[in-house]
Amino acid sequence: MHSFNQLKAQELQVRLSELVNTEYSPSSVRSVVGLDLSYVGGVGVSVATLHRYPDLSLVSYSAVADHVEIPYIPGLLAFREAPLMFAAYELLNADPDLILVNGHGITHPRSFGIASHVGVALDKPSIGVARKVLAGREVVIRGVRYLETNRVLGAYVALQGSTKIYMSLGHKVTIEFVSRITPTLFKGHELPEPIHTADRISRRLARSSPLKSGSSSSSKTSRHL
DNA sequence: GCGACAG
DNA sequence: ATCTTGTCGC
């Protein structure tokens with residue numbers, strides 16, 4: 001029995017953060033993938049959803065489940081969830097123009113949150129979607145809200161009613177691109193459509209998991225996806 | 001030392 | 001994230 005080396009993990013993040021590209025942006029977006037996880041005890045249920053853009057209609061999705069050993073430690077979320085996200089992503093067998101990841105991008109203690117981690121590993125444009133701040137402070141420029149970390153605007157703050165959603169730079173996207181595409185990613189929910197959909201599907205699968213007692217007889221409410 | 005702390 | 005009843009709001 002042994003937990004993973006936190007210090008080595010942090011060192012890896014510092015090293016890999018050098019590979020993040022925040023000067024490039026996809027020339028055109030025709031498809032977007034959403035990545036999210038749910039849990040059933042120690043089992044993580046990872047879902048990857050593929051959407052057309054700009055209508056955001058669901059094209060297909062994939063799901064994988066496995067035991068998750070790495071604990072949740074603020075700042076090291078990627079080591080716990082990215083492996084399963086990669087598995088679901090590969091199973092989806094698609095080549096999207098943009099990937100949305102539940103979690104922060106460069107608005108992270110070492111500028112390498114899970115969205116950047118996934119983007120760099122897959123060499124794909126990525127944006128982090130989070131409901132809470134991990135690092136940085138909010139700044140307002142010409143009436144527009146951003147999250148600033150290390151003097152760099154790392155996230156655009158989307159206001160959904162009274163709720164704030166932090167859209168951070170993952171990889172191969174600029175703050176201008178994120179600011180511009182963010183409003184077009186919502187479709188009537190608190191979270192961007194791809195993340196919202198991946199979240200709903202993973203939770204449904206988690207609840208109906210054979211590992212969850214009563215799953216075969218307590219389903220009295222119908223759900224639609 | 002104290003407070004903060006994605007999912 | 002997940003555990004959970006009633007309750008507020010669209």
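The model shown is predicted, which means the values in this text are computed figures rather than measured ones. Below, chains carry the letters A, B, ... as their sequence lines are ordered, and counting in each starts from 1.
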Checklist entry - Can you list the other members of the hydrophobic cluster that holds A:I99, where links are side-chain heavy atoms under 4.5 angstrom apart? => result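 Reading the cluster by chain and number, A:I99 sits alongside A:V33, A:L35, A:L50, A:V59, A:Y72, A:L77, A:M85, A:F86, A:Y89, A:L92, A:V101, A:I114, A:V118, A:L122.
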
Checklist entry - Taking the hydrophobic residues Ile, Leu, Val, Met, Phe, Trp and Tyr, and joining any pair whose side-chain heavy atoms are under 4.5 Å apart, which ones share a cluster with A:V140? => result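 Reading the cluster by chain and number, A:V140 sits alone, since nothing else belongs.
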
Item to check | A:D55 atom CG, over 12 foreign heavy atoms within 6.0 Å | outcome: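 Yes, enclosed.
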
Checklist entry - Any side-chain heavy-atom pair from A:P26 and A:V173 closer than 4.5 angstrom? => result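 Yes, at least one pair of side-chain atoms sits under 4.5 Å.
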
Non-neighbouring partners of [X] that pass side-chain contact (heavy atoms from CB on, under 4.5 Å), sequence neighbours left out:
X	value
A:Q13	A:L76, A:F79, A:H108, A:R110, A:F112
A:R137	A:V139, A:E148
A:R203	A:S38, A:D199

Checklist entry - Excluding sequence neighbours, so at least two apart, what forms side chain to side chain donor-acceptor pair (under 3.5 Å) with A:S162? => result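 Expected list: none.
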
Next on the checklist: Once side chain to side chain donor-acceptor pair (under 3.5 Å) is applied, do any residues pair with A:H171, and if so which ones, sequence neighbours excluded?
Outcome noted: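 Side chain to side chain donor-acceptor pair (under 3.5 Å) list for A:H171, sorted by chain: empty.
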
Next on the checklist: Test side-chain contact (heavy atoms from CB on, under 4.5 Å) on A:V133 and A:T107; report intermediate values, then the result.
Outcome noted: CA-CA 8 Å; A:V133 174; A:T107 40; over 6 Å; no

Checklist entry - Hey, where does DNA chain C pair up into stems, meaning at least three consecutive Watson-Crick or G-U pairs with distances under 3.5 Å? => result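 In DNA chain C, stems of three or more pairs: none.
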
Item to check | A:H189 and A:H196 aromatic ring geometry - parallel, tilted or perpendicular at 30°/60° bounds | outcome: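 A:H196 vs A:H189 ring planes: parallel.
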
Next on the checklist: So if I take residues 162-172 of chain A and measure heavy-atom distances to DNA chain B, which residues fall below 4.0 Å?
Outcome noted: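 Heavy-atom cutoff 4.0 Å gives no residues at all.
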
Next on the checklist: Hydrophobic cluster membership, with links at side-chain heavy-atom distances under 4.5 Å among I/L/V/M/F/W/Y: are A:V29 and A:L56 in one?
Outcome noted: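 Yes; tracing contacts between hydrophobic side chains, which count when under 4.5 Å, links both residues.
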
Checklist entry - Is there a path from A:V14 to A:F4 through hydrophobic residues (I, L, V, M, F, W, Y) whose side chains come within less than 4.5 Å of each other? => result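 The answer is no; the residues belong to distinct hydrophobic clusters.
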
Next on the checklist: Testing the 3.5 Å rule here: is there a donor-acceptor pair between the side chains of A:S17 and A:S111?
Outcome noted: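 Absent: no donor and acceptor within the cut-off.
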
Item to check | Dot-bracket pairing map - DNA chain B, Watson-Crick plus G-U, both contacts under 3.5 Å, | cross-strand | outcome: .......

Next on the checklist: By the 4.0 Å heavy-atom rule, please label A:T107 as base, sugar-phosphate, or nothing.
Outcome noted: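 Nothing, no nucleic acid heavy atom in range.
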
Item to check | Sugar-phosphate or base contact per nucleotide [nucleotides 1-7 of chain B; S, B, -; heavy atom under 4.0 Å] | outcome: ----BBB

Item to check | Nucleic acid footprint by protein, nucleotides 5-10 of chain C - heavy-atom cut-off 4.0 Å, B for base, S for sugar-phosphate alone | outcome: ------

Item to check | A:R207 CZ to C:dT4 P, straight-line distance once rounded to whole Å | outcome: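 The answer, rounded to whole Å, is 14 Å.
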
Next on the checklist: For the backbone of A:I181 and the side chain of A:T184, can you confirm whether one donor and one acceptor N or O come within less than 3.5 Å of each other?
Outcome noted: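 Side chain of A:T184 to backbone of A:I181, a donor-acceptor pair under 3.5 Å: yes, one is there.
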
